[in-house]
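Please read the structure below before turning to the comments.
Chain letters run A, B, ... following the sequence lines, proteins first and then strands; every chain starts at 1. The analysis underlying the following values was restricted to heavy atoms, covering all of them including side chains, and did not include hydrogens, waters or symmetry mates.
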There are 2 protein chains.
Amino acid sequence: MANSKSRKEILFQEAAKLFREKDYQAANLRELAKRVGIQGGSLYYHFASKQELLFQLMNTIMDQMISGLAAELGTSDDPLTQLRSFFRFHIRFTVCGSDLVYISDDELRHLEPENYQQIIAKRDSYQQLVEQLLKNGQKLGWQVEDYKLLSRIAIQMGTGVLGWYRQDGTLSIEEIADRYSQFYYCGLQPGSKGLTAD
Amino acid sequence: MANSKSRKEILFQEAAKLFREKDYQAANLRELAKRVGIQGGSLYYHFASKQELLFQLMNTIMDQMISGLAAELGTSDDPLTQLRSFFRFHIRFTVCGSDLVYISDDELRHLEPENYQQIIAKRDSYQQLVEQLLKNGQKLGWQVEDYKLLSRIAIQMGTGVLGWYRQDGTLSIEEIADRYSQFYYCGLQPGSKGLTAD
DNA sequence: GTCTATAACTAGATAGAC
DNA sequence: GTCTATCTAGTTATAGAC
């Protein structure tokens, strides 16, 4: 099972890498073909169009993120543990990927309308997992009035790591994730001083 | 002075909008010409290449962000006030722009190497303004060991608003900014419970 | 499943007239 | 400063052979 990837799987993986490197528009199918080791025209045996390729990739990525995060969160009932699990999972997936590589939210705009709707719906599902985590924490006294805003902040923070993370940096992904979750958790504590409303 | 924009200024403004809407690669110069009201070929009187156009835009945007933020931060000596100013400024600029519209960090990869270096340098200068703010706060007892990480988090949080903000939403930009700064500030407090290191 | 060849189109950039 | 016309190169996608 270890190395039994079909050419189609390899193709999808390379496509994800290429889209992430270059961006959907800039990525060129001849280059993709070259990386996979076939000719440009042969690609169309595997998919109908570049657009379909992007859509299928983002779809698969979202599925992996949703099921992956759900599985992580399921390993504990403690919201605080879940919060840390979220940051670890999200940052790891965003920066390293699993089978596939995370493709920037920025590429959403390159999806045709109906494809766009479907991906957005899955992105919402993912966000709802985080919202639920926060609601669970609320029962423990976490300060979570606006759970939508807070879940967005968590996701943004995690995704943002992609912008600066380097393998040779001083912090491992787990260390980054733990600092992020610690910082984030502090923001949920009641009785914060300062910055009372105007 | 109110409406005396030269064609060149209009052109740059429309180009920024177009790049933000469509992305550098997807943006098409004939479309740009159409929006400005001239023919495609005429554009090249104003700039030498599409790449130069992107570079000049990002350069101007970074200059505006740096000088704009520096000015905001200069209006107070209190780090907490400055923190709120940062979020207000950054979110406002990112979401609404000023003369120009914020172009995503994602477009950085479309800059040729030497242009890239220059923009990255300015992005660092911007970040350093935030780092300085945090260091000032440290003297007041803020928990700021890793000011680089923390400044990145602040900037990421702010920029992330662009991904979901809608004009018809319930929160104004100032309200969002204030919630963000409040949340962020809480994370800087000493004596946070929970999440002690593994 | 993959190859070769090519159609159909798009987009950046140039040249010279006005 | 802008127009028209055009060059050139690159890209997605198709068709039919193997």
Could you tell me how far apart [X] ([atom1]) and [N] ([atom2]) are, to the nearest whole angstrom?
{"X": "B/K50", "N": "C/dT10", "atom1": "NZ", "atom2": "P", "answer": "15 Å"}
{"X": "B/E31", "N": "C/dA13", "atom1": "CD", "atom2": "P", "answer": "17 Å"}
{"X": "B/H46", "N": "C/dG12", "atom1": "NE2", "atom2": "P", "answer": "16 Å"}
{"X": "B/F47", "N": "C/dA13", "atom1": "CZ", "atom2": "C1'", "answer": "10 Å"}
{"X": "A/L32", "N": "D/dT11", "atom1": "CG", "atom2": "P", "answer": "13 Å"}
{"X": "B/K34", "N": "D/dT4", "atom1": "NZ", "atom2": "P", "answer": "14 Å"}
{"X": "B/E52", "N": "C/dG12", "atom1": "CD", "atom2": "C1'", "answer": "14 Å"}
{"X": "A/I38", "N": "D/dC18", "atom1": "CD1", "atom2": "C1'", "answer": "16 Å"}

Just to confirm, is there a sub-4.0 Å distance from OP1 or OP2 of [N] to any side-chain nitrogen or oxygen of [X]?
{"X": "B/Y44", "N": "C/dA13", "value": "yes"}
{"X": "A/Q39", "N": "C/dT2", "value": "no"}
{"X": "A/S42", "N": "C/dC3", "value": "yes"}

* So, are B/R35 and B/E31 salt-bridged, with charged N and O less than 4.0 Å apart? -> yes
* Test: B/K148 and B/E131 ion pair at under 4.0 Å -> yes
* Which sits closer to the 5' end of DNA chain C, B/Q25 or A/Y45, going by the nucleotide each is nearest to? -> A/Y45
* Asked: Which part of the nucleic acid, if any, lies within contact of B/A33, taking any heavy atom under 4.0 Å across all strands shown: a base, the sugar-phosphate backbone alone, or nothing?
  -> nothing
* When we call it a touch if two heavy atoms are under 4.0 Å apart, what does B/A26 touch: a base, just sugar-phosphate, or nothing? -> nothing
* Asked: Should A/V130 and A/I61 be counted in the same cluster of Ile, Leu, Val, Met, Phe, Trp and Tyr side chains packed under 4.5 Å apart?
  ->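 Yes, same cluster.
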* To do: Please check if any side-chain donor atom of A/E114 sits under 3.5 Å from a side-chain acceptor atom of A/Q118, or the reverse.
  =>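 The criterion, which ignores hydrogens and geometry beyond distance, is not satisfied for A/Q118 and A/E114.
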* Using heavy atoms to find the nearest nucleotide of DNA chain D for A/N28 and A/G41 separately, return the residue whose nucleotide is more 5′. =>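 The residue closer to the strand's 5' end, by nearest nucleotide, is A/N28.
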* Could you walk me through whether A/Y184 and A/F87 pass ring-ring contact (aromatic ring centres under 6.0 Å, His included), step by step? => CA-CA 10 Å; A/Y184 184 86; A/F87 276 107; 5.5 Å; yes
* Asked: Is any N or O donor-acceptor pair between the side chain of A/R7 and the base of C/dG1 shorter than 3.5 Å?
  ->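 By the distance-only test, no, there is no pair.
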